[in-house]
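Okay, so here's the structure we're looking at.
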Amino acid sequence: MERTLEVARGAHRPELRATWLGLLLLLALAAWQGLLRDPALDWRALTAPWQAHPDLNGLLLWDAQLPRLVAGVVVGLCLGLAGALMQLITRNPLVSPDLLGITAGAQLGVILSLLLPATLGLPVIFFGGVTAALLTFALAGGGRTTPLRLVLAGVAMAQAFYALITLFLTLNQQAAMVVSLWDTGSLNQMGWAGLKPAVWLVPPLLLLVFLMHRPLNMTLLGDTQMRMLGVSPRRLKVVVILIGTLLTALAIHLAGPLGFIGLVAPNLVRYGLGVRWPSRLLPLAALWGAVLTLAADVLVASLPHWLELPLGTLSAMLGALAVLWLLRLSRGRSLPGPADGGVPEPVGRRLPLRPTVLLLALALVWALWSGVLGGDLPISLAALVRGDGWAWTLLDLRLPRLLVDAFGGILFALSGLILQAVTRNPLASPSVLGVSQMAALAVLAGLVMAPDLPVPWRLPIAWAGAVLGLGLILGLNLRHGLEPLRLILTGFALTGLAMALTSLLIAYYSQNVTLALVWMSGSSYASTWTEVWSLLPWVGLGLLLAWLGRRWLDLLALGDGVADSLGLAAARKRLWLLILASLMIAAAVSVLGPVAFVGLLVPHAVRLMGFRGYRDRLRVTPWLGALLLVSADLLGQRLLAPLDVPLGIMTAALGAPLFLLLLTRTYLRKG
């Protein structure tokens, strides 16, 4: 009996330790931010609300400092709890509201709210988030959805919404400057009016989550076991998504996008503090979300004036460091592989290989033919044969751009296919390791500080950024044998850091905000034969080495244990494949920018076509990647002519709906 009690008490030690440590840190941060930071604060300021004529210190305390403190607690609580709920319902520790499209929908609501009265701000933001969440849920299969389906649909939905957002901002430079500043995040409050929605919204949501503790604990089981125990997975998913959307919308309304907190806080509690039981994880994720948000805000307020960092930037940096720290805490044990709830990767009915490749090749040739000879000013073959100067000039302008699109599509798609095999995670893409963001950040830094940066300089700069990112990834994971989940978590940290620095660059160099947005969206505008010849060797090398490594890819997909037992040194082969993927990403990013969605979409589309082995996938993937980017660029040129829509926007706008349609049809057929 005594032994049982001792074990029970020991089981609660991580929760007690996490609770007391979190509360102490929260109280210390709140005391400093609310009271101790201002040396001029006195008793008169503390009693300002009860004075007829309060002084300036009292007004600042009660109308600025304390509302900012409360906003920090509320925002952190909402994001931490929303992230934990999403991770539980998807059974994937790498999920956050950003990944399910909720943040993108809420951000679209923010842009729409700029056109409406201020009182409609929160409802419109919530409506945008709910619309994205419900569309994601419906297109993922509704009540029959699985965690993997939900995340895949959420990623595609987020990309589609971000394409709309970026298109609007590209068309409206004034709104772009406003939104780019808002994207950096801030807890500044003008009085208590902005916090009123939290008063009537947060308590009932917390009560609802508390009352749902039993079904939430069952999320550790599969859907079948949940039904056997009397819990409807479909209803639970709908309710959890709505709660998470409300919490995320409220946080975005108060502080802007600080969604990285939603990823970091639950994982910090889960892996860093050792608390995994859902009913205990949820309140602690909320508590530590508030701690992380206040810590970021305290640092923002404490930094010298010559180094003004926005809250969103600093919170992303702190989140990245927190992820790296929790990985260090768990260095003595293996992390679980990224779960998909025990559901196998979705594979559709297999299409015949040769007709599929032939059809894709013919479609690509037709797209190139149409793009070069068609358009508002068509070129006839007779004019080319006669040697007409204008016809050859147009050909010289159009063909290199489309070839750059095709080569970039091949590189991005192949790198995504390799990364998904190496990490054994269906959510992996060129952006998941942070390599594409680091390469894009390096080039962006050169562009915003030197807008006339010669094109030939972009490739070595992108290589430098990619090598730096890859070096950090490998340096932090080599001793652990490049475990897939460690790679992905490190990549998330690096991605958050790169995106934070990107927002900072755009905010500080606002005179070049349109140029920065176009670059970060991805564009092949004004590409010449120089870019074609710079990409061609990498396309050939990537295709050759990927084909030679097809057996490695098949074995790595089975797991390290099986691969090693069959004579494959898994860690070493994973290293070489990571280097290959990173070099292909750097080459493509240096010319096109971070059009990394192709690396996620194309490998999944190939899988949904029914191709299982990497021998078949490597034959289909390059053609589909090239066709997607060429088609997207042609639509971008002609849809809103004479406006040239950036390639990355059109890629997401075209690819995301097609991917969702393919995903939905596959699951409906299987259902």
Side-chain angles (χ1 to χ4, degrees), residues 160 163 167 170 351 354-414 518 521-536 539 543 588 591-593 595 597-598 601-602 605-606 609 619-659 661-662:
L167 178 59
T170 304
L351 300 178
R354 290 184 180 179
T356 300
V357 171
L358 180 60
L359 182 62
L360 290 174
L362 291 175
L364 178 60
V365 171
W366 178 85
L368 292 172
W369 181 279
S370 172
V372 172
L373 302 182
D376 295 335
L377 189 59
I379 304 173
S380 65
L381 290 177
L384 292 174
V385 172
R386 287 195 307 266
D388 290 350
W390 66 269
W392 283 98
T393 299
L394 286 178
L395 179 71
D396 198 46
L397 290 173
R398 293 174 178 176
L399 183 57
R401 175 173 179 173
L402 295 179
L403 289 178
V404 164
D405 294 332
F407 291 166
I410 292 171
L411 291 171
F412 279 127
L414 275 180
V518 170
S521 302
S523 176
S524 59
Y525 180 76
S527 295
T528 64
W529 289 105
T530 301
E531 285 81 18
V532 174
W533 300 128
S534 67
L535 287 181
L536 182 59
V539 173
L543 288 170
V591 176
L592 290 171
V595 193
F597 182 54
V598 182
L601 185 150
V602 172
V606 172
M609 292 177 182
R619 293 176 179 175
V620 178
T621 297
W623 293 106
L624 188 57
L627 178 61
L628 176 60
L629 250 64
V630 170
S631 302
D633 197 19
L634 289 176
L635 281 176
Q637 294 176 42
R638 299 174 182 179
L639 186 63
L640 298 177
L643 176 67
D644 197 335
V645 181
L647 176 62
I649 298 175
M650 287 308 305
T651 301
L654 174 66
L658 291 175
F659 176 73
L661 177 63
L662 186 58

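Contact of the Val645 side chain with the Gln637 side chain is not registered, since no non-hydrogen atoms from C-beta on lie closer than 4.5 Å.
For Leu635, the side chain to side chain contact (heavy atoms under 4.5 Å, CB included) test picks out Met650, Leu654, with sequence neighbours left out. The salt bridge (charged side-chain N to carboxylate O under 4.0 Å, His left out) test applied to Asp633 returns Arg401, not counting sequence neighbours. In this view, Thr651 satisfies the side-chain hydrogen bond (donor to acceptor under 3.5 Å, both in side chains) rule with no residue, not counting sequence neighbours. Residues that satisfy the side chain to side chain contact (heavy atoms under 4.5 Å, CB included) test with Leu535, not counting sequence neighbours, are Val404, Phe407, Leu411, Ala587, Val591. Trp533 meets the side-chain hydrogen bond (donor to acceptor under 3.5 Å, both in side chains) test with no other residue; sequence neighbours excluded. Taking Ser380 as the reference, nothing meets the side-chain hydrogen bond (donor to acceptor under 3.5 Å, both in side chains) condition, with sequence neighbours excluded. Checked against salt bridge (charged side-chain N to carboxylate O under 4.0 Å, His left out), Arg386 has the following partners two or more places apart in sequence or in another chain: Asp388.
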Which side-chain N or O atoms in residues 365-373 pair as donor and acceptor under 3.5 Å with protein atoms at least two apart or in another chain?
none

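Distance check, rounded to the nearest 0.5 Å: CG of Leu394 to CG of Leu399 gives 12.0 Å. For the atom pair OG1 (Thr621) and CE (Met609), the distance works out to 9.0 Å, reported to the nearest 0.5 Å. Taking CG from Leu624 and OG from Ser631, the interatomic distance works out to 9.5 Å, rounded to the nearest 0.5 Å. Between Leu403 atom CG and Thr528 atom OG1 the span is 11.5 Å, to the nearest 0.5 Å.
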Any chance you could lay out the side chain to side chain contact (heavy atoms under 4.5 Å, CB included) test for Thr356 and Trp623, step after step, and finish with the verdict? CA-CA 10 Å; Thr356 300; Trp623 293 106; over 6 Å; no
After noting the C-alpha distance and the side-chain angles of Leu601 and Val598, does the key distance pass the side chain to side chain contact (heavy atoms under 4.5 Å, CB included) rule? CA-CA 5 Å; Leu601 185 150; Val598 182; 6.0 Å; no
Working for side chain to side chain contact (heavy atoms under 4.5 Å, CB included), residues Leu402 and Asp405: CA-CA 5 Å; Leu402 295 179; Asp405 294 332; 3.7 Å; yes
In sequence, state the C-alpha distance, the side-chain angles, and the governing distance for Arg398 and Ile379, and then conclude on side chain to side chain contact (heavy atoms under 4.5 Å, CB included). CA-CA 11 Å; Arg398 293 174 178 176; Ile379 304 173; 3.8 Å; yes
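Between Gly593 and Phe412, the shortest heavy-atom distance links the atoms O-CZ, 3.5 Å. The two residues Ala626 and Ile410 make their nearest non-hydrogen contact at CB-CG1, 3.9 Å. In plain terms, the two heavy atoms of Ser527 and Pro400 that are nearest each other are O-CB, 3.9 Å. Pro622 and Leu414 get closest at one heavy-atom pair: CG-CD2, 4.2 Å. The two residues Ala391 and Ala383 have their closest heavy-atom pair at CB-CB, 3.9 Å.
Arg619 contributes no side-chain N or O that, together with a main-chain N or O of Arg354, makes up a donor-acceptor pair within less than 3.5 Å. Of the possible donor and acceptor atoms, one in the side chain of Trp392 sits under 3.5 Å from a partner among the backbone N and O of Leu384.
Residues in residues 355-374 take part in no salt bridge (charged side-chain N to carboxylate O under 4.0 Å, His left out) pair, two or more places apart or across chains.
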